[in-house]
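The next block holds one structure in the form of structure tokens; read it before the comments.
Quick caveat, the model's predicted, so the values are computed rather than measured.
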Amino acid sequence: MEEQVTGRQIGIKFGVVFGLVSTLYTLAMAMARIQLPFVGMFIQWGIVIGVFVFACKEFKANNGNIMSFGKGFGILMMVSLIGGLIRSVASYVYFIVDPAYLDFIKDAQQNSPFGPPPDQGNAADVEGMMAFFTSPEFMAIMSFIMAIFAGLIFGLIVSAIMKNEEDEF
């Protein structure tokens, strides 16, 4: 009899895959000093959805083509947690190693066409907020939180589509 693969094994395996792939994408964009606000978002969504689909397919292939919605969602949340943690730690280390990238982000945000320029009376307040929002710690925490939200949203969708419940009769 074939041994079944547990959801935990799949979650850990694909969590590491998700963490490494999303880290490589994030670091490549950071090293090249490229910002793709909308296109980059869709690329990251593609990475998330692709890894989620492969995780569900592997679980189903090793468990008699059966996966409940709850089991799939649990696996995908584990993938999100592990992958988000890996990406956050790697991003934090990169921000420490290359502080010039944080200056690039600050300049890009200040020159952004979205929103009016700050008035001169609040320049000190805006500068303080910019320093906080572009700190390595804040960016690493936000990266992890975004991975959790991606896991929630895309995990629900992919689990609902990929589920295959056992027949009850």
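Using modelled atom types, no side-chain atom of E58 and backbone atom of A55 make a donor-acceptor pair closer than 3.5 Å. K60 places no side-chain N or O within donor-acceptor distance of the main-chain N or O of K163, the cut-off being under 3.5 Å. No donor-acceptor pair closer than 3.5 Å links the side chain of N65 to the backbone N or O of A61. For the pair D98 (side chain) and Y94 (backbone), a donor-acceptor distance under 3.5 Å is absent. Side chain of S159 to main chain of G155: a donor-acceptor pair is present (N/O by atom type, distance under 3.5 Å, no hydrogens or angles). With hydrogens and angles ignored, the 3.5 Å screen pairs no side-chain donor or acceptor of N164 with any backbone N or O of I66.
Within the structure, every pair that satisfies the ring-ring contact (aromatic ring centres under 6.0 Å, His included) test and touches residues 141-166, not counting sequence neighbours, is listed here: W45-F154.
Here the straight-line distance linking atom CZ of F138 with atom OG of S143 works out to 11.5 Å at 0.5 Å rounding.
Within the 4.5 Å cutoff, the side chain of F52 has no heavy atoms near those of the I157 side chain.
Heavy atoms from other residues, nucleotides or ligands lying under 6.0 Å from CZ of R33 number more than 12. When the shell of 6.0 Å around CE of M162 is examined, it contains more than 12 heavy atoms from other residues, nucleotides or ligands.
Contact detail for V79 and F14: the closest heavy-atom pair is CG1-O, 3.6 Å. In this structure, S22 and R87 approach most closely via the heavy-atom pair OG-CD, 3.5 Å.
Hydrophobic side-chain contacts under 4.5 Å tie L20 into a cluster, directly or through other members, with I12, V16, M78, I82, I86.
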